[in-house]
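See below for the structure under consideration.
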There are 2 protein chains.
Amino acid sequence: MERFVSSYTNKVDAKGRVSVPASFRSILARDGFDGVFCYPSLDSQTLDAGGSSLIDEIHALLEGLDPYSDERDELSLALFGESEILKIDQDGRVVLPPRLREHAGIADSAVFVGVGHKFQLWSPERFEARRMGARKRVVELKKLLRNAARGQTGAIGGAGT
Amino acid sequence: MERFVSSYTNKVDAKGRVSVPASFRSILARDGFDGVFCYPSLDSQTLDAGGSSLIDEIHALLEGLDPYSDERDELSLALFGESEILKIDQDGRVVLPPRLREHAGIADSAVFVGVGHKFQLWSPERFEARRMGARKRVVELKKLLRNAARGQTGAIGGAGT
DNA sequence: ATTGTTTCCATTGACGCCCATAAAATTCCA
DNA sequence: TGGAATTTTATGGGCGTCAATGGAAACAAT
């Protein structure tokens, strides 16, 4: 499966339009999906986005929960209820609805960040803060990771210093 | 698996292009990947790079973590969000995006250093500094190795020089 | 009519693609 | 084995295409 990688900062114009990075678009297209599935992230002030495989994943997650349980009701409401399927116009842009923009604090520019199977939309300021925090924590987590990755060749611990 | 060895210093031109050493290219090609997966190293001011096997390795590492955990989210952000898939043009060059160049302090030339399953990109100055530091540490490590390898043939501590 | 939304067009700048040159390595042959 | 011929590499530059972005025009809704 093709993965979303790298990050791109694009402008949001007065109409709320923003260009989806071309490389992300081609992954979505290969996924057989002519749009962007998008919802407010549950645990950060960002938007999660992806194609049909992301929808399937969330669907599968909900399937795993007890039918008619409160947890399942709440979660499906939180995920599918708040989500949107954004149309990609012929210039490769989507319109971000106000609700989504507010959740992520996105004003006049947005950062598209690939995280493998999906991507996220951040406000530049919040992304920068999150990025720095993540790097710091990851360095702390390295020991943990070495154990988790034992038997592998060590992509992270590597030959560094 | 074929391994990246040796080091090469190549020029970075005005467009940010740099030739990937031919021997590295052929390894990548054998890996079935006509690009370079590249991200800022977590623990030094260098870039880590490799082919699809490196991507798979990182992906597998993330898969091994708790789904929906903060650790996993942060790690995928720090790894996939900051990495790039650099295309190799028909002359065997890649363009280094500003973000990556800044992290490694690479200006008008870059050192490609093979470290087995992956390779690294250094600024010449920083590489030299690290190399000197590494030599010092190696001398210290040799004592450790002598003890650990007592009774073996001593490929490292050996009777050399 | 006014507001909001979608389609279409135009500009600009980056990137991919191609060619040219020069140095280095390799092959080939005497 | 020496040296010439050929192939591979590294590097610089030019040019066309495409992506990102701003704005206008067509369309829909209230």
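Side chains included, hydrogens not; waters and symmetry mates left out as well; all remaining heavy atoms used. Chain identifiers are assigned alphabetically (A, B, ...) following the order of the sequence lines, protein sequences preceding nucleic acid strands; residue numbering begins at 1 within each chain.
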Take nucleotides 15-30 of chain D nucleotide by nucleotide from the 5' end and write B, S or -, depending on whether a protein heavy atom sits under 4.0 Å from the base, only from the sugar-phosphate, or from neither.
-> ----SSBBBB------
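Between A:Q90 and C:dC8 there is a side-chain polar atom (N or O) within less than 4.0 angstrom of OP1 or OP2.
In this structure, A:I88 places its CD1 atom 14 Å from P of C:dT6, rounding to the nearest Å. Atom CG of B:D89 is separated from atom P of D:dG12 by 13 Å (rounded to the nearest Å). Taking atom CZ on B:F112 and atom P on D:dT9, their separation rounds to 15 Å, with Å as the unit. Rounded to whole Å, atom P of D:dT11 lies 13 Å from atom CG of B:L96.
From B:T46, atom OG1 reaches atom CH2 of B:W122 across 4.5 Å, with rounding to the nearest 0.5 Å. Taking CG of B:D48 as the reference point, atom CG of B:L121 lies at 9.0 Å (rounded to 0.5 Å).
Checked for salt-bridge contact, B:R72 and B:E63 meet the test: a charged N lies under 4.0 Å from a carboxylate O.
In terms of heavy atoms, B:S123 sits closest to B:A104 at CB-O, 3.5 Å.
End-to-end axis angle of the helix from C:dA1-D:dT30 to C:dA30-D:dT1, using five pairs per end and rounding to 10°, comes to 30°.
For the pair B:R17 and B:V94, the minimum side-chain heavy-atom distance is 4.5 Å or more.
The aromatic rings of B:F119 and B:F24 sit tilted, their planes meeting at an angle between 30° and 60°. Classified by interplanar angle (parallel below 30°, tilted 30° to 60°, perpendicular above 60°), the ring pair A:F37/A:F80 is tilted.
Side-chain contact, B:N10 with B:S19: no donor N or O sits under 3.5 Å from an acceptor N or O.
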